[in-house]
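All remarks here apply to the structure that follows.
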Amino acid sequence: MPELPEVETIARQLRCGGPAHPPLPGRVIDAVTLRWPRHIAAPAPHRFRREILGRTFRGVARRGKYLVFPLDRGTLLIHLKMSGDLGLVPSVEPSGPYDHTVFHLDGGWDLRFGDARKFGKVFLLDDPDRLLVSLGPEPLGRDFTARSLGRALHRHARALKPLLLDQTFVAGVGNIYADEALHRARLHPLRRSNALKDDEVHRLWRGLRAALRAGLRHNGASIDWVYRGGDFQNHFRVYQRDGEPCPVCGTAIRRIIVGQRGTHYCPTCQPRRKG
DNA sequence: AGCGTCACCCGGACGC
DNA sequence: TGCGTCCGGGTGACGC
């Protein structure tokens, strides 16, 4: 379940290259393999194939959980959803069973979109804003201040957890970082957004940014079947640690369901009522 | 209108 | 071995 830190880690690797592969910008798409055409959200797969052939990657960016690839004409966008992974690998390397969408590049390289669950989506758009305009602010951006977060929180009367997961409220936060942020902020996931005092808003702002930055520092988390080099999973404070002691106070971490999502919190550090 | 809930898409993991 | 169930990101349908 790649979230902001995982997607950003992938973007950085593709943008800058490394010992294992060159940077993606400058490479040309010679061919594509579409083994699961439903990966292609827009345009229709046959048109997608026609229009992407011969395009050159001009950059690599991230917006929320989207990878954004400006091309010499149009923009390629990829959402990894739950199980997606993206890698630049030598084309001689054998394809994995989940490499459903593959971009064959010049110089003997493949950009492979592996996706066991097949929930991922690929877009080729003239105007990427069509997709990105509804996203909320970037939580690590300059304009995401405690003040702006407070104003946004007070516009809603929602539980904090589902609000953090709402991509129109803030972009890039998923289940892991929502739980980690609320723990750092010492706020119960069911607290109402419009009932937060100023100091609590500030704690949430700091907790959210600290959790995301910690994830970035560790190159993201590698959990379940997706390993991409990150090790933030070894530093979770509450996520998937139900029954284990809270790293702050030792109380057993509890797991509840909030908005159909597994939610992990410390009942002592994150009291239901203001604390 | 705002909010909560549920179904959907998938398949690996897990429990019985 | 072979079921049924759970899980989750984002979206859309529905009901209050």
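In what follows, every chain begins at residue 1, and chains take the letters A, B, ... in the order their sequences are listed.
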Residue among A:His264, A:Arg237, A:Gln270, A:Arg255 satisfying side chain to side chain donor-acceptor pair (under 3.5 Å) with A:Asp179: A:His264
Using a cut-off of 4.0 Å on non-hydrogen atoms, how would the nucleic acid contact of A:Lys121 be classed: base, sugar-phosphate, or nothing? nothing
[atom1] of [X] versus [atom2] of [N]: gap in Å, rounded?
X        : N      : atom1 : atom2 : answer
A:Asp179 : C:dG8  : CG    : C1'   : 13 Å
A:Arg192 : B:dC3  : CZ    : P     : 9 Å
A:Leu80  : C:dG10 : CG    : P     : 10 Å
A:Asp115 : C:dG9  : CG    : C1'   : 11 Å
A:Tyr98  : B:dC9  : OH    : P     : 20 Å
A:His39  : B:dC10 : NE2   : P     : 10 Å
A:Ile256 : B:dG4  : CD1   : P     : 13 Å
A:Met82  : C:dC6  : CE    : P     : 16 Å

Which nucleotide in the list [options] gets nearest to the side chain of [X]?
X        : options               : value
A:Arg38  : B:dC9, B:dG11, B:dC6  : B:dC9
A:Ala159 : B:dC10, B:dG4, C:dG10 : B:dG4
A:Arg255 : C:dC7, B:dC10, C:dT11 : C:dC7
A:His156 : B:dC6, B:dC3, C:dG8   : B:dC3

Return the 5'-most residue of the pair A:Ala157, A:Gln260 with respect to DNA chain B, ranking by each residue's nearest nucleotide. A:Ala157
Pairwise 5' ranking along DNA chain B for A:Pro162 and A:Trp36, keeping only the more 5' one: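 It is A:Pro162 whose nearest nucleotide is closer to the 5' end.
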Hey, does the side chain of [X] come within less than 4.0 Å of [N]'s phosphate (OP1/OP2), counting only N and O?
X        : N      : result
A:Lys65  : C:dG9  : no
A:Arg261 : C:dG9  : yes
A:Arg158 : B:dG2  : no
A:His79  : C:dG10 : yes

Ring centre gap for [X] and [Y] strictly below 6.0 Å:
X        : Y        : result
A:Phe232 : A:Tyr177 : yes
A:His156 : A:Phe169 : yes
A:His183 : A:Tyr265 : no

Are A:Leu76 and A:Val68 close enough that some pair of their side-chain heavy atoms sits under 4.5 Å apart?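 No; the side chains remain at least 4.5 Å from each other.
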Verify stack between A:Phe119 ring and B:dC9 base, 5.5 Å, 30 degrees: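 Per 5.5 Å and 30° rule: yes, stacked.
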